[in-house]
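Proteins come first, then strands; the chains are lettered A, B, ... in the order of their sequence lines, and each starts at number 1.
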There are 2 protein chains.
Amino acid sequence: MKQKGIKIPEATIKRLSAYINCLERLDDKGYQVVSSELLGESCQVSPAQIRKDLSYFGEFGVRGVGYTTKTLTEQIKVILGLDRIWPTVLVGVGHLGHALLNFTFFREHGYRMVAAFDSDPRKIGTEVAEGLHIQPIEELVETSNREKAAIGIVTVPASSAQSTADLLVEGGVSGILNFAPFKVKVPEHVTLRNVSIVSELDNLAYLLSSKKPRRRRKKIK
Amino acid sequence: MKQKGIKIPEATIKRLSAYINCLERLDDKGYQVVSSELLGESCQVSPAQIRKDLSYFGEFGVRGVGYTTKTLTEQIKVILGLDRIWPTVLVGVGHLGHALLNFTFFREHGYRMVAAFDSDPRKIGTEVAEGLHIQPIEELVETSNREKAAIGIVTVPASSAQSTADLLVEGGVSGILNFAPFKVKVPEHVTLRNVSIVSELDNLAYLLSSKKPRRRRKKIK
DNA sequence: CGGGTATTGTGATAACTATCACGATACTCT
DNA sequence: AGAGTATCGTGATAGTTATCACAATACCCG
Ligand SMILES: NC(=O)c1ccc[n+]([C@@H]2O[C@H](COP(=O)([O-])OP(=O)(O)OC[C@H]3O[C@@H](n4cnc5c(N)ncnc54)[C@H](O)[C@@H]3O)[C@@H](O)[C@H]2O)c1
Ligand SMILES: NC(=O)c1ccc[n+]([C@@H]2O[C@H](COP(=O)([O-])OP(=O)(O)OC[C@H]3O[C@@H](n4cnc5c(N)ncnc54)[C@H](O)[C@@H]3O)[C@@H](O)[C@H]2O)c1
């Protein structure tokens, strides 16, 4: 057992998040107990890796038996901080912002969208998701503070990303998830994560172009 | 100079994609030549890291001077395979699919959306992006083959992800970008990448919950 | 044209992460 | 209750990635 000041690999955290999904699926399939081998197969991670990942945080299994599906799910949620509600605001309700606001998965996992902001006057007041009306950007700081927003999601164009992040910081958020292709700067006490969908595609393009081309199947004559 | 069978770190590829963005921004600002230090500052990567990343593929700079902004941009694009058009299809035109289809960045970077499919009969025929009409899922295999689609993007619910991936493989794509939270299986010759937006948020939640809480600033009385 | 300066390219080193192998342990069955 | 089996937890090991430090070299300028 560990969990003191030891540094946990970021990859481990990413996998833990995936484990939750697989565990929930396995639970639905009726597995009350899972082995690291079964879970590993289900989420394409080696059994040893799973055990190692978990061992950073404690002992959750029973030797010779495995892990209780529901319990392990709960425990991983505690590790990740998903055992609470995270009040979240989103800025920039364009195509992507709209999709994220309507992504039910978030709500189910403890992220509560408490407000959405946009600078386009035509959008103000629109109900973008159930019970959520778009507010003018000018209200961001006050509303975020009032709602004790912990997380801010940035889906504005790159040119507005920095100013948006600044507002979110002023609004008191502790973390920012930035989808804009611009490396924003935030104060030390605010945690920043960038999501780059483009670079995922670029990565795919690289893999495709660097591997042996494969003849496209011809019509059978 | 290298670039034989040597394995390139995945992180390097991810950064190269980011470098392109920063280089284009610096070019706009008038920098015809950039040093690894300037580029590093701009995209928050250490200068040494940048030089190392590039050194996997060749020598692109001039000692004592730096890199020619435009040339380096082009060269990175060649490395990543972005010097060509990638015919791309998307399956599942829901909230996220709609956003991706309207993401102009993709087109500008060489990804050409050649078709979009959905299983919902009410959506068929709708023009979801400029000149792109939603087709029934039954047409996927034939259209993809005809259009020589190289990349398939999966934005269907998790429960349909595997069957969708299977269809894309039959449609002849070489790579799949999967946004559904389900680990699909594809044949050896098809490259798969999963994008998990949820795990990005979960990672943020983890970082927030494991760091010292900071008192929310009180109103000044 | 030679010394001074800037900045690259890269081998060596350090840090990090994944894999392996096996001791520990709990359950099952006779 | 003891032997047998399954499966965890983890120290040791191997592999991967980032950082460092400096030799190499191109340009500048008098
Ligand atoms: N669409 C995608 O699939 C996608 C994918 C990856 C990344 N992104 C990035 O996400 C961001 C948004 O993309 P999009 O396609 O939704 O663009 P979009 O133009 O559809 O939406 C941007 C929204 O932000 C609002 N906005 C602009 N400036 C603002 C400001 N200063 N304050 C508040 N709101 C502001 C606009 O009114 C608009 O509603 C971009 O940075 C883009 O690069 C988009
Ligand atoms: N919305 C988001 O922001 C977001 C973020 C991350 C991941 N995702 C994932 O992306 C996927 C789509 O999310 P969404 O919010 O767009 O959902 P959605 O329900 O809005 O869209 C899903 C679309 O897929 C279509 N579809 C369903 N089964 C299909 C099939 N077999 N063949 C073709 N089309 C089919 C539906 O008709 C619908 O149009 C989900 O797996 C979700 O988990 C979404």
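- Checked against ring-ring contact (aromatic ring centres under 6.0 Å, His included), F103(B) has the following partners two or more places apart in sequence or in another chain: F105(B), F106(B).
- Summarising the geometry, the separation between CD on E37(A) and C1' on dG9(D) is reported as 16 Å, rounded to the nearest angstrom.
- Across residues 41-51 of chain A, S46(A), A48(A), Q49(A), R51(A) each have a non-hydrogen atom less than 4.0 Å from an atom of DNA chain C (numbered order).
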Please list, for nucleotides 28-30 of chain D, all pairs of protein and nucleotide N/O atoms separated by less than 3.5 Å.
none

Which pairs would a plain distance check flag for residues 26-40 of chain B, meaning a side-chain donor or acceptor within less than 3.5 Å of a matching protein atom at least two apart in sequence or in another chain?
from	atom 1	to	atom 2	distance (Å)
D27(B)	OD1	K70(B)	NZ	3.3
D27(B)	OD2	K70(B)	NZ	2.8
S35(B)	OG	E37(B)	N	3.4
S35(B)	OG	L38(B)	N	3.1
S36(B)	OG	R51(B)	NH1	3.1

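- Remark: T73(B) OG1 to L23(B) CG distance equals 4.0 Å, nearest 0.5 Å.
- Listed by residue number, the members of residues 11-28 of chain B with any heavy atom below 4.0 angstrom from DNA chain D are A11(B), R15(B).
- dA18(C) atom P lies 11 Å from atom CD of E10(A), rounded to whole Å.
- The side chain of K52(A) has dT19(C) as its nearest neighbour among dT19(C), dG9(D), dA18(C).
- Whole-Å rounding puts the Y56(A) OH to dT17(C) C1' distance at 7 Å.
- Taking atom CG of L38(B) as the reference point, atom P of dA6(C) lies 16 Å away to the nearest angstrom.
- Within the structure, the side-chain hydrogen bond (donor to acceptor under 3.5 Å, both in side chains) test picks out the following pairs touching residues 103-118 of chain B (sequence neighbours left out): D202(A)-Y111(B).
- For Y67(A), a side-chain nitrogen or oxygen approaches OP1 or OP2 of dG9(D) to under 4.0 Å.
- In this structure the side chain of R25(B) reaches within 4.5 angstrom of the side chain of F182(A), judged on heavy atoms.
- Partners of D166(B) according to the salt bridge (charged side-chain N to carboxylate O under 4.0 Å, His left out) rule, which considers only residues two or more places apart in sequence or in another chain, do not exist here.
- Look at CG on L54(B): it is 15 Å from P on dT19(D), rounded to the nearest Å.
- Under the salt bridge (charged side-chain N to carboxylate O under 4.0 Å, His left out) criterion, D83(A) pairs with no residue at all, not counting sequence neighbours.
- Residues passing the salt bridge (charged side-chain N to carboxylate O under 4.0 Å, His left out) test with K77(A) are E24(A), sequence neighbours excluded.
- Considering only heavy atoms from C-beta on, T164(A) stays 4.5 Å or farther from F117(A) through its side chain.
- Between K7(A) and dT17(C) there is a side-chain N or O to OP1 or OP2 distance below 4.0 Å.
- By the side chain to side chain donor-acceptor pair (under 3.5 Å) test, S196(A) pairs with S199(A), sequence neighbours left out.
- Per the geometry, CD belonging to Q75(A) stands 14 Å off C1' belonging to dC8(D), to the nearest Å.
- Phosphate contact (OP1/OP2 of dT7(D), side-chain N/O of S36(A), threshold under 4.0 Å): absent.
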query = How does protein contact run along nucleotides 25-30 of chain C, one letter per nucleotide 5' to 3', with B for base contact, S for sugar-phosphate only, - for none, heavy atoms under 4.0 Å?
reply = BSS---

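- By the salt bridge (charged side-chain N to carboxylate O under 4.0 Å, His left out) test, R84(A) pairs with no residue at all, sequence neighbours left out.
- For the pair I151(A) and I176(A), the minimum side-chain heavy-atom distance is 4.5 Å or more.
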ask   = What do the steps show when you test E10(B) against R193(B) for salt bridge (charged side-chain N to carboxylate O under 4.0 Å, His left out), and what is the final call?
value = CA-CA 12 Å; E10(B) 165 155 339; R193(B) 282 193 69 83; 3.1 Å; yes

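- Rounded to an integer number of Å, the gap from CZ of F60(B) to P of dA26(D) is 17 Å.
- Residue I8(B) contributes atom CD1, which lies 10 Å from atom P of dT17(D) at whole-angstrom precision.
- Checking each of V195(B), V154(B), I153(B) against N178(B) for a side-chain contact (heavy atoms from CB on, under 4.5 Å) leaves exactly one that passes, namely V154(B).
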